[in-house]
Protein chains: 2
Amino acid sequence: MRLSEKKITTALKRHGYKLTPQRRAVIGAIASSPDHLTPAALYQKVRQDHPTIGLATIYRTLEILAKLELICELHAGGSCRSYTIAAPGHHHHLICADCGEVIDFSGHYLTELEERLCRETGFEIEGHLLEFIGRCQSCQQNA
Amino acid sequence: MRLSEKKITTALKRHGYKLTPQRRAVIGAIASSPDHLTPAALYQKVRQDHPTIGLATIYRTLEILAKLELICELHAGGSCRSYTIAAPGHHHHLICADCGEVIDFSGHYLTELEERLCRETGFEIEGHLLEFIGRCQSCQQNA
DNA sequence: GCTACAAATGAAAAGAATTATCATTTATAT
DNA sequence: ATATAAATGATAATTCTTTTCATTTGTAGC
Ligand SMILES: [Mn+2]
Ligand SMILES: [Mn+2]
Ligand SMILES: [Zn+2]
Ligand SMILES: [Zn+2]
């Protein structure tokens, strides 16, 4: 079950945000689509019923909804990368949200899950992305 | 053990890429840093020894090295998002690399791993990102 | 070492995505 | 109805990445 529009608008008000027609329109558009939508796609969709809405309002609304965890954000690939020399063999990342420290770790935790997903969805899985976000010891002390 | 510069340059040649001073410089810079570096950070670093290198060359080199899996790409947060209404409860994503279809799935596969990482690193973990990338059934047939 | 040639480069422009600015409008509490 | 802070749309500014194209260069074959 996905969150209803009602639940979302209620949560917005509870957190002190005003309920504007523009915000209703964004929520309506995102709630009525089964797909993940990029900000640009959402802009197109909302403009069908609300032609004067500004793109900045789309971004501002998404930011709020994501912060309140009323919408689900997906890593869609694109401008958000950093690189390091590869270690032979697959590994994952533990990242400090404050200072950016990255710790590599490895293991085979996902094989079984991957097989289940293949069976159930028919997907042919090529790879995955697993990252933990948190706070390193020294950043915990500084806070 | 991380890949050595030697291994990387050998792999480049093996795949038919020319070994230019610029590419050596990028490889040297990335190999000599323990951190994950953004393209911009890498550009700064390489320019210290190679002031005339173009930013486009940095991007072009990173693209090749990533494709050959000689460097490790990290999702650094930022401009690469799409959204959907949140489902109550945590879930993850299975994404088709061809058509973009997204399938949600859920489960508690990561609790044990998370605890181990906390113990071993002292991190306080706040969240994680788990996405599988692959090809959906219909895109497999069309290929 | 020379030659030929495709590949690679740097400079610059173009493009895409996101954020900031600011005058105007509007939701909401009183 | 009024007051007020919050929100909006238009626009400009930023930031990040890719494209274009004339020039240079690495390398395979002699
Ligand atoms: Mn890594
Ligand atoms: Mn989702
Ligand atoms: Zn930290
Ligand atoms: Zn597909």
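Keep in mind that the numbers below use all heavy atoms, side chains included, and drop hydrogens, waters and symmetry copies. Below, chain A is the first sequence line, B the second, and so on; all start at residue 1.
One can place NE2 of H50(A) at 16 Å from P of dT25(C), the figure rounded to the nearest angstrom. Here the C1' atom of nucleotide dT24(D) and the CD1 atom of I53(B) are 15 Å apart, to the nearest Å. Atom pair R60(B):CZ and dT9(C):C1' shows a separation of 6 Å (rounding to whole Å applied). Atom pair L12(A):CG and dT28(C):C1' shows a separation of 15 Å (rounding to whole Å applied). With rounding to whole Å, E63(B) atom CD is found 12 Å from dA8(C) atom P. Rounded to an integer number of Å, the gap from CG of L62(B) to C1' of dC16(D) is 13 Å. Straight-line distance from the CZ atom of R47(A) to the P atom of dT8(D): 16 Å, rounded to whole Å. dA17(C) atom P lies 15 Å from atom CD1 of I58(A), rounded to whole Å.
Residue T20(A) places at least one side-chain N or O under 4.0 Å from the OP1 or OP2 atom of dT8(D). One finds a side-chain N or O of R23(A) lying less than 4.0 angstrom from the OP1 or OP2 phosphate oxygen of dA7(D). Y59(A) has a side-chain polar atom (N or O) that falls below the 4.0 Å cut-off from OP1 or OP2 of dT18(C). Contact annotation: Q22(B) does not reach the phosphate of dA8(C) (side-chain N/O to OP1 or OP2, under 4.0 Å). Here K13(B) does not reach the OP1 or OP2 of dG26(D): none of its side-chain N or O atoms lies under 4.0 Å away.
A side-chain donor-acceptor contact under 3.5 Å links Q140(A) to the backbone of R135(A). The main-chain N or O of I27(A) is never found under 3.5 Å from a side-chain atom of E5(A) such that the two would form a donor-acceptor pair.
In this structure, the nucleotide among dA7(D), dA8(C), dT21(C) sitting nearest to the side chain of K18(B) is dA8(C). Listed candidates were dG10(C), dT27(D), dG9(D). Nearest to the side chain of L19(B) is dT27(D).
Among the heavy atoms of the strands lying under 4.0 Å from L55(B) is at least one base atom, whether or not backbone atoms are also near. As judged by a 4.0 angstrom heavy-atom cut-off over every strand, P21(A) is placed among residues touching the sugar-phosphate backbone only.
Each of I64(B), I58(B), T57(B) was scored for a side-chain contact (heavy atoms from CB on, under 4.5 Å) with V26(B), with one residue passing: I58(B).
Sequence order on DNA chain C of the closest nucleotides to P51(B) and Y17(B) puts Y17(B) first from the 5' end.
The aromatic rings of F105(B) and H92(B) sit tilted, their planes meeting at an angle between 30° and 60°.
The distance from atom CD1 of I71(B) to atom CD1 of I30(B), rounded to the nearest 0.5 Å, is 4.5 Å.
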